[in-house]
Amino acid sequence: MPKRPLTPDEQQVLHHKGTEPPFSGRFLNHSSDGHYLCRDCGARLYHSDGKFDAGCGWPAFEVPVAGAVTEQVDADGRRTEILCSACGGHLGHVFRGERLTPANERHCVNSLSLAFEPQQAPGSDTLTLGGGCFWCIEAVFRRVKGVTSVLSGYAGGQGDNPSYQAVCSGSTGHAEVVRINYDPALVDLDSLLELFFAAHDPTTLNRQGADVGSQYRSIVLCNGMAQRRGVEAFISRLEASGLFSSPIVTEIADDAPFYVAEEGHQEYYERHGGQPYCQVVISPKVASIYQRFADRLKEE
């Protein structure tokens, strides 16, 4: 994995032994197959098979990859710190004797110390998402490593080939969505969903900020039953995490005909980044996503 600059929060944890707030980490509800890596040097630390829900507010692992983690007693002698053996980055702490796993140990790790490498999978897949104005969602996913294409369009309603004006009227029932083609060997479904739920508010019905109407509803159109089960499981974990104070109202639907939006709506942020809407709404959202998910984004 190419080394990228650490965000200030990542530096605080990895280099200065900080701790992220409980129930805030992006890997807490993550369950895809693959390896969790050191965010600083890219060394493999844990396999997903050893990840479990300890209810502690941080990602928990039973055992690390052999030789990947070094232990040392904290200065106060009360806990045992775990560090990346390759670079010395702070990961978290290990606890033993809790009888939570067959190995009788729990590696409690900060999400900010981690990156993720999905299990190699052949081919490509498609995911269709709606979370408010498609200009915003498209701008986020165009920057994701492993995403090969993003198209803005309409889906989930009635009538063929709707126009932007018809969709905005609310008469068609279609939502503004983006259709994402991605390589599962480079980015997993959970990672895409984490970005999606960070990029919009899934608790507001038919609304995102000042954009109001059913065309702005939160929706995931699933490409097959396996993907649907993955989406349902992710949202269940998200609800159980308590990250959102209000119920999640995201609609989960089977895949439906997708109608590509007019040319003027494609790559809107790239073409019109200086416009007030882009500067006030999209730019802060993209910047916020970059701060949280820098390791998953393409080099600019």
Side-chain angles (χ1 to χ4, degrees), residues 1 3-117 190-191 194 197-198 233-234 236-245 288 291-296:
M1 169 177 284
K3 181 174 173 60
R4 298 188 58 108
L6 299 177
T7 66
D9 287 342
E10 290 166 343
Q11 290 181 28
Q12 179 62 29
V13 171
L14 281 158
H15 295 171
H16 305 291
K17 304 185 187 300
T19 302
E20 69 194 13
F23 301 101
S24 67
R26 65 181 186 263
F27 289 123
L28 180 63
N29 299 303
H30 194 262
S31 66
S32 292
D33 293 333
H35 280 93
Y36 293 86
L37 316 178
C38 173
R39 175 65 183 88
D40 203 357
C41 71
R44 287 183 173 181
L45 301 174
Y46 301 93
H47 192 271
S48 57
D49 287 347
K51 188 173 186 290
F52 68 100
D53 181 8
C56 61
W58 292 272
F61 300 89
E62 182 175 5
V63 291
V65 172
V69 172
T70 298
E71 299 182 12
Q72 67 179 27
V73 178
D74 279 350
D76 61 11
R78 298 175 61 187
R79 295 186 300 175
T80 301
E81 181 188 6
I82 46 177
L83 305 100
C84 172
S85 296
C87 69
H90 173 73
L91 304 176
H93 290 84
V94 61
F95 302 91
R96 294 186 171 91
E98 300 173 323
R99 300 183 180 180
L100 296 176
T101 67
N104 203 21
E105 62 182 60
R106 168 173 59 97
H107 288 241
C108 186
V109 184
N110 292 282
S111 289
L112 289 167
S113 297
L114 300 174
F116 185 72
E117 177 185 68
D190 275 4
S191 291
E194 285 168 354
F197 283 98
F234 183 90
S236 293
R237 295 193 302 272
L238 199 59
E239 289 175 326
S241 74
L243 182 62
F244 296 101
S245 58
S288 173
Q291 286 297 311
R292 292 184 60 189
F293 303 98
D295 60 300
R296 308 186 193 183

All side chain to side chain contact (heavy atoms under 4.5 Å, CB included) counterparts of [X], not counting sequence neighbours:
X    : result
Q12  : H16
S288 : none
F244 : P202, T203, L238, I248
N110 : V13, T19, E20, W58, H90, S113

Please examine the side chains of [Y] and [X], heavy atoms only from C-beta on, and report whether any two atoms are closer than 4.5 Å.
X    : Y   : result
T80  : Q72 : no
L6   : H15 : yes
L114 : R39 : no

Residue list, salt bridge (charged side-chain N to carboxylate O under 4.0 Å, His left out) with R292, at least two apart or on another chain =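 Listed in chain order: nothing, the list is empty.
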
E105: salt bridge (charged side-chain N to carboxylate O under 4.0 Å, His left out) partners, not counting sequence neighbours =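 Once residues adjacent in sequence are excluded, the partners of E105 under the salt bridge (charged side-chain N to carboxylate O under 4.0 Å, His left out) criterion are R96.
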
Residues in ring pair (Phe, Tyr, Trp, His ring centres under 6.0 Å) with F27, at least two apart?
->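 For F27 the ring pair (Phe, Tyr, Trp, His ring centres under 6.0 Å) partners, ignoring immediate neighbours, are H30, Y36.
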
Please report the shortest heavy-atom distance between [X] and [Y], naming the atom on each side.
X    : Y    : value
F23  : C56  : CZ-C, 4.2 Å
Y46  : L91  : OH-CD1, 4.5 Å
L45  : C84  : CD2-SG, 4.1 Å
L28  : S111 : N-OG, 3.9 Å
S241 : N29  : CB-ND2, 3.5 Å
D33  : F116 : O-CZ, 3.5 Å

Listed once per pair and sorted, the salt bridge (Lys or Arg N to Asp or Glu O under 4.0 Å) pairs that draw on residues 44-69, sequence neighbours left out |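 Counting only pairs at least two positions apart or across chains, the salt bridge (Lys or Arg N to Asp or Glu O under 4.0 Å) contacts touching residues 44-69 are R44-E117.
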
Can you pull the salt bridge (Lys or Arg N to Asp or Glu O under 4.0 Å) pairs that have at least one residue in residues 79-94, sequence neighbours excluded?
->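 Non-adjacent pairs meeting salt bridge (Lys or Arg N to Asp or Glu O under 4.0 Å): K17-E81, D74-R79.
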
Can you tell me how far OG of S48 sits from CZ of F61, rounded to the nearest 0.5 angstrom?
->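 Answer rounded to 0.5 Å: 8.5 Å.
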
Could you check R106 against V94 for side-chain contact (heavy atoms from CB on, under 4.5 Å), going step by step and ending with a plain yes or no?
-> CA-CA 6 Å; R106 168 173 59 97; V94 61; over 6 Å; no

Anything under 30° is parallel, anything over 60° is perpendicular, the rest tilted; go ahead and classify H47 against H35.
->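 H47 and H35: perpendicular rings.
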
For residues 63-70, dump all side-chain donor-acceptor pairs below 3.5 Å to protein atoms at least two apart in sequence or in another chain.
{"from": "T70", "atom 1": "OG1", "to": "S85", "atom 2": "OG", "distance (Å)": "2.7"}

Set of residues satisfying side chain to side chain donor-acceptor pair (under 3.5 Å) with respect to T7, sequence neighbours excluded |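 By the side chain to side chain donor-acceptor pair (under 3.5 Å) rule, T7 matches E10.
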
Using a strict 4.0 Å threshold on nitrogen-to-oxygen distance, state whether R26 and E194 make a salt bridge.
->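 E194 and R26: not salt-bridged.
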
